[in-house]
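For reference, the structure discussed in these notes is given below.
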2 protein chains.
Amino acid sequence: MSEDDTSVEELPEPALPASQLHAFAELLFFAYRDFTGDPDIILKDFGFGRAHHRVLHFVNRHSGLRVADLLDILNITKQSLSRVLKQLIDQGYVTQKAGASDRRERLLYPTERGKALAARLAAPQLIRLRGALQAAGLEGEAAIRRFLEAMINAEDRPKVSAITNPTPLPGTHADKDETV
Amino acid sequence: MSEDDTSVEELPEPALPASQLHAFAELLFFAYRDFTGDPDIILKDFGFGRAHHRVLHFVNRHSGLRVADLLDILNITKQSLSRVLKQLIDQGYVTQKAGASDRRERLLYPTERGKALAARLAAPQLIRLRGALQAAGLEGEAAIRRFLEAMINAEDRPKVSAITNPTPLPGTHADKDETV
DNA sequence: TGGATTATGTCAGCCATGTTGACTTAATGC
DNA sequence: GCATTAAGTCAACATGGCTGACATAATCCA
């Protein structure tokens, strides 16, 4: 093999200079800052914070999940979760149901009220995302998906895939696919 | 004009169903979580937090900026910034210099020590970004840039562009473009 | 020149949300 | 029947946001 052999399937892909990578890092910072900014404002009116939003989101999108699942997804301690989860339950946004096969498990479901708040919080984020994906273009969409997946720790990717491409488990139900 | 007139320059771009947008939202959450995870671990060894990282990053990448610039970039209060900035200054990671034209301004510069820590914190993030951009492919790179820019509040985009595509101002100096 | 404004710093206190460690309760599994 | 597991709880602490009030020094302007 010659030294500058360039096989078909392995294009050299010129590595970006550090300054460009730094620019991407900064863009990601600002993008995430604004992505979370819209719901933050709404949450204030309810006396909730971003932590409540995260819990409500996952309970709403993946209803019937266990407390342990939520801990695993959010990467926080039981005590941290407990604080916000309790408030969501006490105020009627989330309900618990004992697991059918293992009655120690507490399966989490959004109430109607919870679904309504989740939808309201998600709305500006989905609008923002739709606009940004349109700005990226059709092929960009797939590239962005690959990019975001590759940003995730390799060992967590299967877990995340299971979450973002949900296989409806018995006990969970698929959401209707409405456009916001 | 007929109702289903589809002009050349305005392809319909089928709107994604909400469930796909939710998947992107979750991917962004996990991606950002892991993107910040690496430096968080390093920061612990120094008794610093993510707030210190943000300050050090911008001081390092845009040295010579004013306190007011930093407040504007980070979207936090003077008092919040002051707490972490003071620690960075006291411990010799950042220095201040009175502005040449307006001596009320305190221009911020990283020390050698600050540059070293910034580089160490950035290293795993740049590696992660480079890998993710490679996964996205060459054209993906441009799409991702458009996507991230479009995720930012429209009114902030000029400001952010000025930051990510820096025009070296008098008093600032461009960093050497080393690959990490 | 003197008063208003501006850039920055600081004190005090509050809130949200993360952490660790220890312990309880109820259900499960062997 | 006893160890393990899922979940909840109590207490204490750290980080990093926030508001409000005020101080200092430099600048700007009438």
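Chain letters run A, B, ... following the sequence lines, proteins first, then strands; residues in each count from 1.
Rounded to an integer number of Å, the gap from CD1 of A/Ile89 to P of D/dT9 is 9 Å. With rounding to whole Å, A/Gln87 atom CD is found 10 Å from C/dT17 atom C1'. Nucleotide D/dC13 holds its C1' atom 14 Å from the NZ atom of B/Lys44, rounded to whole Å. For the pair A/Arg103 CZ and C/dG29 P, the computed distance is 12 Å after rounding to whole Å. Between the CZ atom of A/Arg50 and the C1' atom of C/dA16 there is a distance of 11 Å, given to the nearest Å. Going from atom CG of B/Leu71 over to atom P of D/dT19 covers 13 Å, rounded to whole Å. In this structure, the CG atom of B/Asp40 is 19 Å from the P atom of D/dA14, given to the nearest Å. Following rounding to the nearest Å, A/Glu105 (CD) and D/dT4 (P) show an atom-to-atom distance of 19 Å.
Within the structure, every side-chain polar atom (N or O) of B/Arg106 is placed at least 4.0 Å from both OP1 and OP2 of D/dT24. The side chain of B/Thr77 contributes no N or O atom lying less than 4.0 Å from OP1 or OP2 of D/dG17. At the phosphate of D/dG16, neither OP1 nor OP2 sits under 4.0 Å from any side-chain N or O atom of B/Ser80. OP1 or OP2 of C/dT17 lies within a sub-4.0 Å distance of a side-chain N or O belonging to A/His52.
Not a single donor-acceptor pair, N or O on each side, falls under 3.5 Å between the base of C/dT8 and the side chain of B/Arg104.
More than 12 heavy atoms of other residues, nucleotides or ligands shown are found within 6.0 angstrom of CD on A/Gln79.
Here the side chain of B/Arg66 is nearest to one of C/dT8, D/dG16, D/dA7, namely C/dT8. Taking the side chain of A/Val84 as heavy atoms from C-beta on, and the options C/dT8, C/dT17, D/dT27, the nearest nucleotide is C/dT17.
Using a 4.5 Å cut-off on side-chain heavy atoms (C-beta onward), B/Arg33 and A/Asn153 make no contact. Residues A/Phe24 and B/Glu141 have side chains in contact (heavy-atom distance under 4.5 Å, counting atoms from C-beta outward).
Comparing A/Arg83 and A/Leu107 against DNA chain D, the residue whose closest nucleotide sits nearer the 5' end is A/Leu107. The nearest heavy atom of DNA chain C to A/Gln79 and to B/Ser82 marks one nucleotide each, and the one closer to the 5' end goes with B/Ser82. Along DNA chain C, the nucleotide closest to B/Lys86 and the one closest to B/Asp102 are compared, and the more 5′ of them pairs with B/Asp102.
Salt bridge status for A/Glu149 with A/Arg146: absent, with no side-chain N to carboxylate O gap under 4.0 Å.
With a 6.0 Å cutoff to the six-membered ring centre and a 45° limit on the axis angle, A/Arg128 does not count as a cation-pi contact of A/Phe35.
If you check every strand for non-hydrogen atoms under 4.0 Å, A/Gln96 touches sugar and phosphate atoms only. Across all strands shown, B/Asn75 has heavy atoms under 4.0 Å from sugar-phosphate atoms exclusively, and none from any base.
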